[in-house]
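Report on the structure given below.
Order of listing sets the numbers, starting from 1, for every ligand and every atom in it.
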Amino acid sequence: MKKAIILAAGEGTRMKSKKSKVLHTLLGQKMISYVLESAKDAGVDEIIVIGGKNLNELKNELSGEDIRFVEQPIGDEFPYGTGYAVSLCEEYINEKDEILILTGDTPLIRGESLKALMAEHKDHYGATVLTADIDDPTGYGRIVRDEQGNFHKIVEDRDCNEEEKRIKEFNSGLMIVNGKELIESLGEISDENDQGEMYLTDIFEILHGKDCAIGTYKLKDVNEVYGINSKAQLSFAEEILRERINGYWMEEGVVMENPSTITIEPTVLLHQDVILSSGVRLYGDTEVLENTKITGDCEIRNSKIGKGVVIQSSYIEDSEVKDFADVGPFAHLRMNTVIGEKVHIGNFVEVKNSVIEQGSKAGHLVYVGDADVGTDVNISCGVIFANYDGKNKYRSKVDDGAFIGSNVNLVAPVHVKEESFIACGSTITEDVEEGSLAIARARQVNKKDWYKKKKDEWK
Ligand code: UD1
Ligand code: CA
């Protein structure tokens with residue numbers, strides 16, 4: 001069986017956070033979730049996560065995942081180090097297994113790279129280490145090769161001689177090892193080094209000494225093994241991820257203006273000829289169909305946007321906007337709102353938990369809450385659906401072709417029937433019959449010469 005062990009017991013002190021390092025998020029997903037996804041993409045049959053003091057937090061936050069958790073006891077009375085951590089999983093390792101060892105703080109690793117590592121390893125080596133070249137390898141373990149270019153050993157930075165220091169190929173800390181070789185070598189790791197830690201990397205020297213063939217697989221993109229220890233590194237990794245995701249969507253035919261300012265979470269789906277301007281943020285389970293243009297300060301979360309839609313500077317959550325509708329600038333759609341085809345939602349319009357059907361318009365300064373609005377309804381400037389009496393919320397209904405004049409209050413629950421009209425300024429508390437005109441306001445009175453008289457009185 002192929003199994004992955006994800007090391008996540010480190011204390012992460014440099015994050016300066018009460019939250020476990022591997023649970024911090026990049027583009028909306030937990031750091032360790034990226035590693036889990038890549039392990040799954042690589043086709044492993046089982047995933048083991050090693051937690052330390054953060055174990056309960058990990059269990060809670062990853063409760064939906066099919067993971068075996070192993071606890072690493074942390075304290076002065078226990079050994080420490082990656083080698084010790086892996087040795088705690090021994091009871092779950094069979095000789096015939098292939099064990100992929102990953103770290104929870106290298107979230108940029110791609111599933112396809114792990115697949116390539118596994119392919120290189122299979123049937124050739126007892127252990128294969130994932131490497132990459134880097135301009136400044138300070139701090140990393142170097143990959144030392146023999147004259148034929150075969151793997152010879154890993155030398156930690158502090159133990160390098162002058163020649164070794166110049167080696168640009170480094171140990172990523174990620175590797176795959178056969179169960180048999182792993183069990184054999186783990187037993188021989190010691191903590192006799194200046195850090196007093198049990199280093200997993202020691203298995204290579206041990207295995208080399210047993211004439212076990214050791215392979216390497218070199219990544220083309222060194223960023224894949226970028227490790228996160230601090231909040232600055234977290235933000236840098238997020239930047240790399242943003243570039244990767246935005247680059248992917250541009251390849252797929254999305255147009256982006258200033259892509260470095262555009263945020264697209266990995267869960268989002270886009271289609272050809274979508275146009276995104278600076279500052280657009282697309283989150284969660286959002287999909288945008290072709291030829292839709294989203295510009296300005298837009299945040300769209302868990303929403304489905306149709307084709308040929310135009311959205312300007314608006315916030316949209318848990319809603320749907322159908323084909324050829326237009327929204328904004330400065331609109332807010334939320335809570336299961338459905339905006340029908342060719343509907344126009346203009347500036348300063350909020351729509352909550354409502355359905356507005358095809359061809360209807362709410363152009364300016366409108367609140368639609370808890371309503372079912374039919375087709376070709378005109379909702380004029382300043383209309384308010386008064387859906388809340390301070391205790392309960394009520395739903396209103398407006399049928400096809402109705403015309404609601406400016407500054408109308410619809411006091412819910414109320415039913416405005418087909419092709420009826422409501423005079424502007426009305427406060428509607430009763431249903432409006434089909435085809436009729438409702439006027440619910442005091443008739444205008446003009447008091448002749450009112451001020452002329454007052455002027456004399458007031459003198
Ligand atoms: C390691 C490698 C080094 C490599 C580098 C790449 C060794 C000796 N060195 O160093 O060659 O270039 O990674 O980044 O391995 N962890 C546990 N339990 C422990 C200790 C660590 O779960 O007892 C976890 C940490 O949470 C972390 C991972 O293991 O996710 C790596 O440990 P870390 O101490 O950061 O190794 P490096 O010093 O970076
Ligand atoms: Ca590290």
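Contacts of A9 with ligand 1, taken as heavy-atom pairs under 4.0 Å, involve both backbone and side chain. Using a 4.0 Å cut-off between heavy atoms, K21 makes no contact with ligand 1 at all.
Classification of R242 and E239 as a salt-bridged pair holds, one side-chain N sitting under 4.0 Å from a carboxylate O. Under a 4.0 Å N-O distance rule, the pair E188/K210 qualifies as a salt bridge. Residues D105 and K21 are paired through a salt bridge, judged by an N-O separation under 4.0 Å between the basic side chain and the carboxylate. Ion pairing of E65 with K40 is present here, as a side-chain N (NZ or NE/NH1/NH2) and a carboxylate O approach within less than 4.0 Å.
For atom 32 (O) of ligand 1, the candidate residues are L7, V22, V86, T82; the nearest heavy-atom contact is made by T82.
Under a 4.0 Å heavy-atom criterion, I50 is not in contact with ligand 1. Within the structure, ligand 1 lacks I154 among the residues with a heavy atom less than 4.0 angstrom away. Note on ligand 1: Y84 sits outside its first shell, no heavy atom being nearer than 4.0 Å. At a 4.0 Å cut-off, not a single heavy atom of G227 sits close enough to ligand 1 to count as contact.
Considering backbone and side-chain N/O atoms, N171 comes within less than 3.5 Å of an N/O atom of ligand 1. Looking at Y140 next to ligand 1, no N or O pair under 3.5 Å apart turns up. Some N or O of E156 is nearer than 3.5 Å to an N or O of ligand 1, by distance alone. The shortest N or O to N or O distance between G173 and ligand 1 is not under 3.5 Å. Ligand 1 has a nitrogen or oxygen under 3.5 angstrom from a nitrogen or oxygen of G10. Among the atoms of F170, none of the N or O lies under 3.5 angstrom from an N or O of ligand 1. For ligand 1, the polar-atom distance check against G81 finds a nitrogen or oxygen pair separated by under 3.5 Å.
Short contacts between ligand 1 and Y199, defined as distances under 4.0 Å to a heavy atom of the residue, involve ligand atoms 8 (C). Of all atoms in ligand 1, listed by their number and element, those nearer than 4.0 Å to a heavy atom of A85 are 18 (N). Residue S172 has at least one heavy-atom neighbour below 4.0 Å for each of these atoms of ligand 1: 6 (C), 14 (O). Atom numbering of ligand 1 starts at 1 in the shown order; those under 4.0 Å from a heavy atom of D105 are 27 (C), 30 (O).
Donor-acceptor pairing under 3.5 Å is recorded for the side chains of S113 and E224. Side-chain atoms of R110 and Y34 form no donor-acceptor pair, as typed in the model, at a separation below 3.5 Å. For the residue pair H24/S17, the side-chain donor-acceptor check at 3.5 Å is satisfied. No donor-acceptor contact under 3.5 angstrom links the side chains of E120 and T128, judged on distance only. Between the side chains of E252 and H271, not a single donor N or O lies within less than 3.5 Å of an accepting N or O.
The neighbour count for K168 NZ, taken as heavy atoms of other residues, nucleotides or ligands under 6.0 Å away, is above 12.
Relative to the ring axis of Y92, R68 places its NZ or CZ within 45° and under 6.0 Å from the centre.
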